[in-house]
Protein chains: 2
Amino acid sequence: MSTQLLGAVEGGRGDVFDSACPARTVLDHVMGKWAVLVLVALRARPLRFSALRRAVGGVSEKMLAQTLRTLEADGFVHREVAPTTPPQVTYSLTGLGHELTGHLTGLLDWIDTRLPDVQAARAERAAVRAGT
Amino acid sequence: MSTQLLGAVEGGRGDVFDSACPARTVLDHVMGKWAVLVLVALRARPLRFSALRRAVGGVSEKMLAQTLRTLEADGFVHREVAPTTPPQVTYSLTGLGHELTGHLTGLLDWIDTRLPDVQAARAERAAVRAGT
DNA sequence: CTGTATCCAGGTTGATACTG
DNA sequence: CAGTATCAACCTGGATACAG
C-alpha cells in the first residue's frame with residue numbers, strides 16, 4: 001500500500017520519493033488548503049463560482065480560481081461554461097472526483113466526530129506543560 | 001456531514017467557518033504537507049526520529065520536528081524518550097492516530113490506484129490546450 | 001459574472017550552526 | 001542521536017484593479 005508515496009522503510013533506499021513523484025503532486029493538490037473544501041462542497045451538488053466561494057468560507061477569488069484550475073487539470077472537477085451574458089460557469093465533480101470525495105468525506109466526518117478527543121488531547125498537553 | 005467544516009450552502013450564512021474553527025485547525029494539521037506522510041509511515045510501525053526522516057523523503061529536521069510536535073499535541077502520535085546516551089526517541093501512533101491513518105491510507109491507496117487516470121486527464125488537457 | 005494580472009506583506013521552508 | 005535557534009529566501013495568499 002502507498003508504494004508510490006513512502007520511501008522504503010524496510011528496504012532502505014531512502015529518497016524514493018521526491019517532490020517530482022507524480023503521486024506526491026496529486027496528494028499535494030488534493031490536500032491543498034482549499035482543495036478539500038472545494039471538493040466536498042461540490043459533492044453535494046454542482047455549484048457556480050460565486051456559490052462555491054460562499055460555500056467555502058474565507059477563500060479569495062484568486063485562490064478559488066487557482067484551486068479549481070488544478071482540480072480540473074487533474075480530472076476531478078468539470079467546468080461548464082454557459083454562453084450567456086454574463087457568463088455562467090458551473091463546476092461539478094467528475095466520476096474520478098466522486099470517488100475521491102468519498103474518501104475525503106470519510107476523513108472529514110471522522111474529524112467531526114473525533115474533534116472532542118483532539119481538543120481533550122490538546123487541553124491535557126497544555127495542562128502538563130503548565131503543571132508538572 | 002462535515003457540519004463543522006463547510007459553510008451553509010443551503011441556508012446561506014456564508015462565513016460559517018473561519019480559520020479559527022477547531023475542526024479546520026485539525027484538518028490543516030492533518031493535511032499538512034508532511035503530516036500525512038509521517039502518519040502513514042508510523043502506521044506500519046513505531047519509528048525513531050532518524051528512521052522517520054528517512055521514511056519520509058525530503059523532509060528537513062526542522063519540519064519533521066515541527067510536524068511531530070503538532071501531531072503529538074493533537075493526540076495522534078506518542079513520543080517516547082529512552083533515557084540513554086545518546087537519547088533515543090521513538091514515535092508511535094496513538095489509538096486516535098490509528099483511526100485517523102485508516103482514513104488516510106484509504107485515500108493514499110486510492111491515489112496510487114487511480115494515478116494513471118489522473119495522468120491521463122492531465123495529458124488530455126495538455127493535448128486540448130495544444131491542439132484544438 | 002467570472003475570471004486574470006499585478007503588487008506586496010507575511011508566513012513557511014531550508015541551510016547552517018549549535019546544544020543536551 | 002535528537003533536536004533548537006537563527007537567518008535569508010521563497011512561495012503563498014490577499015487586496016486591488018482590470019478584462020472578457
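A donor atom on one side chain and an acceptor atom on the other are not found under 3.5 Å apart for A:Thr90 and A:Arg45. Looking at A:Thr25 and B:Arg122, their side chains do bring a donor and an acceptor atom within 3.5 Å of each other.
For B:Leu42 against B:Leu47, the heavy-atom pair with the smallest separation is CD2-N, 3.7 Å.
Here the straight-line distance linking atom CG of A:Leu96 with atom CZ of B:Arg114 works out to 6.0 Å at 0.5 Å rounding. Atom OG1 of B:Thr70 and atom NE2 of B:His29 lie 5.5 Å apart (nearest 0.5 Å).
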Item to complete: For side chain to side chain contact (heavy atoms under 4.5 Å, CB included), just list the numbers for B:Arg24 and A:Leu37, CA-CA rounded to whole Å, side-chain angles, deciding distance to a tenth of an Å, and then say yes or no.
Response: CA-CA 10 Å; B:Arg24 268 292 296 278; A:Leu37 283 337; 4.2 Å; yes

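For A:Val59, the side-chain contact (heavy atoms from CB on, under 4.5 Å) test picks out A:Trp34, A:Arg53, A:Val56, A:Met63, A:Leu64, with sequence neighbours left out.
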Worksheet entry | Sugar-phosphate or base contact per nucleotide [nucleotides 1-16 of chain C; S, B, -; heavy atom under 4.0 Å] | BSBB-BB-----BBB-

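A 4.0 Å heavy-atom criterion places the boundary nucleotides of DNA chain D facing chain B at D:dC1 to D:dC7, written 5' to 3'.
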